Every structure is written in structure tokens, then in C-alpha cells.
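Predicted model, so just to flag it, every value in this text is computed and none were measured. The sequence lines fix the lettering, A, B, ..., with proteins before strands; numbering per chain opens at 1.
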There are 2 protein chains.
Amino acid sequence: MTHQKQSMFSKSCEYGIKAMIYIASQSMLDRRVKIGEVVEHIDSPVAFTAKIVGALVKENVVQSVTGPYGGFYIDKHRMSQIMMIDIVTAIDGDSIFNGCGLGLKECDNEQPCPMHYKFVKIRADLKRMLNSTSILELAQGLESGKSILMR
Amino acid sequence: MTHQKQSMFSKSCEYGIKAMIYIASQSMLDRRVKIGEVVEHIDSPVAFTAKIVGALVKENVVQSVTGPYGGFYIDKHRMSQIMMIDIVTAIDGDSIFNGCGLGLKECDNEQPCPMHYKFVKIRADLKRMLNSTSILELAQGLESGKSILMR
DNA sequence: TTTATTTAGGATAAATTTGTCTTAAATAGA
DNA sequence: TCTATTTAAGACAAATTTATCCTAAATAAA
């Protein structure tokens with residue numbers, strides 16, 4: 001039995017986050033982008049990514065326009081209000097930062113799992129980070145060349 | 001599209017950790033335990049759990065004896081040396097605390113993903129916690145009634 | 001109005017994870 | 001030696017995640 005591929009976020013969530021950062025970086029330049037352009041810049045499968053981005057349209061994280069000259073964009077004024085926690089919660093739910101580390105449906109100070117207190121700070125830090133990180137600052141890092149979405 | 005069930009560890013890893021804690025808690029009392037008893041105390045599917053525990057036998061985390069009066073146990077003297085990171089790494093690998101949060105194969109200070117610096121501390125804290133938490137202390141918490149593995 | 005372009009959404013398939021069932025191997029005791 | 005018990009291990013199946021393909025709906029421009 002070889003080990004699994006468990007990471008912090010699901011593939012869907014990774015693609016969703018990367019897509020939002022790329023779209024935001026282009027919206028900063030007043031460019032609406034098509035899904036084909038998005039996936040070229042984040043190295044992800046197009047139809048699958050389209051579904052994830054579509055779900056984020058429904059969640060009102062990103063806007064879309066159909067037809068020629070259409071595509072996706074994020075309102076400039078909203079970028080500082082759209083937080084990573086919104087994207088992660090929409091795709092992966094809140095278990096990663098609110099759930100029990102050992103998967104107990106209920107786990108609290110009254111009846112904690114053996115790792116409960118070990119996880120309290122890690123989860124709180126993760127939640128705080130996701131809650132305070134805006135799509136704006138991540139898009140700025142990308143646009144300025146300080147960070148990358150693929151190699 | 002409803003959201004996923006992404007959590008910190010895979011189901012396999014959750015079961016593996018819980019099984020190790022239960023087995024250790026009984027080994028502290030010099031009791032060897034059968035897989036049927038394990039799953040009764042951690043609320044997990046028996047055959048599936050048996051495979052996971054079997055993999056941890058191969059990884060030398062836990063010992064097994066076949067036949068009547070057989071079962072699983074952990075050497076008392078080794079309990080303080082067996083760390084959560086050993087169990088997690090054996091089952092889920094190291095991506096959760098070593099990998100890039102956005103799934104880039106390479107991601108470092110030279111060419112960081114947009115979230116790289118946001119994750120540095122969270123990953124380090126998680127790794128440090130797993131690295132410093134022994135199966136002994138978790139089993140003691142369970143055995144003393146301070147924590148639970150199921151409701 | 002027609003055509004071309006683009007997102008929306010459904011059906012389907014592949015891959016992975018989670019789970020079950022059956023048999024083999026080991027071993028203790030009668 | 002024979003039987004019963006228990007882990008080991010393989011085949012198989014179900015559920016979930018990841019991914020593809022095709023058609024519908026929207027819309028801009030000719």
C-alpha cells in the first residue's frame with residue numbers, strides 16, 4: 001500500500017484559487033479573460049476548470065459574460081473584500097479549518113479527541129490566514145512578478 | 001455543485017491514527033488487542049482498518065501476532081519515540097506539511113506561488129506539532145479519560 | 001436574421017479513495 | 001495432527017473526485 005496524495009486543498013480548490021488569482025490579476029488591468037486563457041496560465045484541464053469557475057460565479061466570487069468578447073472578471077472594487085476563505089469554503093467546505101482533525105463529528109473541550117488541543121492553534125491560524133488574505137493582494141503579487149502560478 | 005469533504009487527513013489516516021492510539025492505550029495495560037476490538041472502539045470498517053493497521057505493521061509502527069491469542073500491540077518502551085509524523089507520513093505522505101498549498105511541484109522563495117509566504121508558518125507549525133507529539137501522550141490522554149475516540 | 005464565439009450545464013468516463021469478501025498463512029491448544 | 005483463531009493479502013465493488021465530451025443558451029457583430 002503506497003501512500004496517498006492528501007494535501008491541504010482538493011485539486012478543485014487549487015484550480016479554483018489559481019483561476020481566481022489569474023482572473024483578478026487581469027481584471028486589475030481591465031482585461032476580461034476567457035477560460036482558455038485562464039487554463040493556459042494555471043496549467044489545469046479546461047472543462048473541469050470551467051465547472052469550478054462556474055460554481056464560483058454562482059457564489060458571486062467572480063462575474064461572467066457569455067458570447068463573443070465574453071469571459072470572466074472580478075470587480076476591481078470588490079477584490080479587497082474577496083477573501084481566500086470565501087473561495088475555499090465554496091469549494092472544499094470548512095472542515096479543513098473548523099473540523100476535528102480525527103474526523104469526529106463532534107469534538108470540543110468537553111469531549112475532545114486525543115489531538116484536539118494540538119490542533120486548536122493550527123486551525124485557528126489557518127482560518128485567520130484565509131480570512132485575512134484577499135484576492136487583491138495575491139493578484140498584485142502575481143501581476144508584479146513576485147509570485148507565479150505555474151512553471 | 002456541492003462542496004467536497006476535504007479535511008486535514010484522509011479517512012485512512014484518521015482510522016490509522018485512531019487505531020494506533022487505541023492499541024497503544026491497551027498496550028500500556030499489557031493488553032494485546034484484536035482488530036475487531038480496535039474497530040469497536042474507533043468506529044471504523046473492520047477490513048479497511050485491518051489493511052491500514054497492516055501497512056503500519058510493515059512500517060514498524062505497531063507489532064502483530066497471528067493466530068489464537070494474537071492481535072496488535074506497541075512496545076511500551078517505543079511509545080514515546082513513535083511520533084504522529086511517522087503515522088501521517090506512512091499513510092498520507094508529507095504533502096500536507098511539506099507541499100505547496102496550491103499544488104505546485106516546485107515552490108520556494110525563489111519562485112513562490114502567490115500563497116507561499118502565507119503558508120510557511122502554518123506548515124511549519126503543523127510539522128512541528130506532528131513531529132513532537134508521541135503516541136504515548138495521546139494514549140495516556142485516552143486511557144485517563146481526558147479524551148475520546150468516538151461518541 | 002444569421003453566424004460565430006463564449007459560458008452553462010448535462011452525460012459520461014477515468015482515476016482514486018473507501019470499503020467488502022474470500023482465501024491463505026501463521027500459530028496456539030486439544 | 002487437527003481444529004479454531006487471528007492476521008495477511010488478494011480480488012472485487014462502491015463512492016467520490018477528477019476529467020472529458022457534447023449540446024444548449026446567451027450575445028456580439030456582420
Side-chain angles (χ1 to χ4, degrees), chain A residues 1-19 23 26 31-40 42-74 91-93 95-96 103, chain B residues 1-19 23 26 31-40 42-74 91-93 95-96 103:
Chain A
M1 181 161 83
T2 185
H3 73 237
Q4 314 215 8
K5 306 179 189 164
Q6 180 78 11
S7 47
M8 194 72 78
F9 304 129
S10 67
K11 272 279 166 222
S12 294
C13 196
E14 289 175 2
Y15 296 156
I17 293 170
K18 287 193 265 195
I23 292 168
Q26 296 306 297
R31 290 193 65 239
R32 201 183 277 169
V33 289
K34 307 185 211 325
I35 193 65
E37 179 180 338
V38 172
V39 302
E40 276 174 20
I42 72 174
D43 189 26
S44 67
V46 61
F48 189 47
T49 305
K51 299 232 154 145
I52 298 159
V53 173
L56 291 170
V57 168
K58 283 198 174 168
E59 294 286 332
N60 203 36
V61 169
V62 59
Q63 274 67 53
S64 68
V65 175
T66 57
Y69 302 86
F72 298 97
Y73 67 98
I74 297 176
I91 303 174
D92 276 355
S95 295
I96 192 77
Chain B
M1 184 158 81
T2 184
H3 74 235
Q4 315 216 7
K5 305 178 188 165
Q6 181 78 12
S7 48
M8 193 72 79
F9 303 128
S10 67
K11 273 280 165 220
S12 295
C13 197
E14 289 175 2
Y15 295 156
I17 293 170
K18 287 193 264 194
I23 293 169
Q26 297 305 297
R31 291 193 65 240
R32 201 184 275 169
V33 290
K34 307 186 212 324
I35 194 65
E37 179 180 338
V38 172
V39 303
E40 276 174 20
I42 73 174
D43 189 27
S44 67
V46 61
F48 190 46
T49 306
K51 300 229 156 152
I52 297 159
V53 173
L56 292 170
V57 168
K58 285 198 172 169
E59 294 284 332
N60 203 35
V61 169
V62 60
Q63 274 67 53
S64 69
V65 175
T66 58
Y69 302 87
F72 299 96
Y73 67 99
I74 297 176
I91 303 173
D92 275 356
S95 295
I96 192 79

Nearest to the side chain of [X] - [options]?
{"X": "A:Ala47", "options": "D:dT16, D:dT20, C:dG29", "value": "D:dT20"}
{"X": "A:Lys51", "options": "C:dA8, C:dT20, C:dG9", "value": "C:dG9"}
{"X": "A:Ser64", "options": "D:dT18, D:dA8, C:dT7", "value": "C:dT7"}
{"X": "A:Pro68", "options": "D:dA28, C:dA8, D:dT17", "value": "D:dA28"}

When you measure from the side-chain N and O atoms of [X] to the phosphate of [N], is any distance below 4.0 Å, counting only OP1 and OP2?
{"X": "A:Tyr15", "N": "D:dA19", "value": "yes"}
{"X": "A:Ser12", "N": "D:dT18", "value": "yes"}
{"X": "A:Gln4", "N": "C:dT18", "value": "yes"}
{"X": "A:Lys5", "N": "C:dA15", "value": "no"}

Nearest whole Å is fine: how far is [N] [atom2] from [X] [atom1]?
{"X": "B:Phe48", "N": "D:dA8", "atom1": "CZ", "atom2": "P", "value": "16 Å"}
{"X": "B:Ile52", "N": "D:dT7", "atom1": "CD1", "atom2": "P", "value": "15 Å"}
{"X": "A:Ile35", "N": "C:dT5", "atom1": "CD1", "atom2": "P", "value": "18 Å"}

Both A:Tyr69 and A:Cys13 contact DNA chain D. Which one's nearest nucleotide lies toward the 5' end?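 Looking at the nearest nucleotide for each, A:Cys13 comes out on the 5' side.
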
Both A:Val46 and A:Gly67 contact DNA chain D. Which one's nearest nucleotide lies toward the 5' end?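 Checking each residue's closest nucleotide, the 5'-ward one belongs to A:Val46.
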
Among A:Gln6, A:Lys11, A:Met8, which residue meets the side-chain contact (heavy atoms from CB on, under 4.5 Å) test with B:Gln6?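 Looking at A:Gln6, A:Lys11, A:Met8, the match for B:Gln6 under the side-chain contact (heavy atoms from CB on, under 4.5 Å) is A:Gln6.
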
Would you mind telling me which residue lines up with the more 5' stretch of DNA chain C, B:Pro45 or A:Lys34, judged by nearest nucleotide?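 It is A:Lys34, whose closest nucleotide lies nearer the 5' terminus.
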
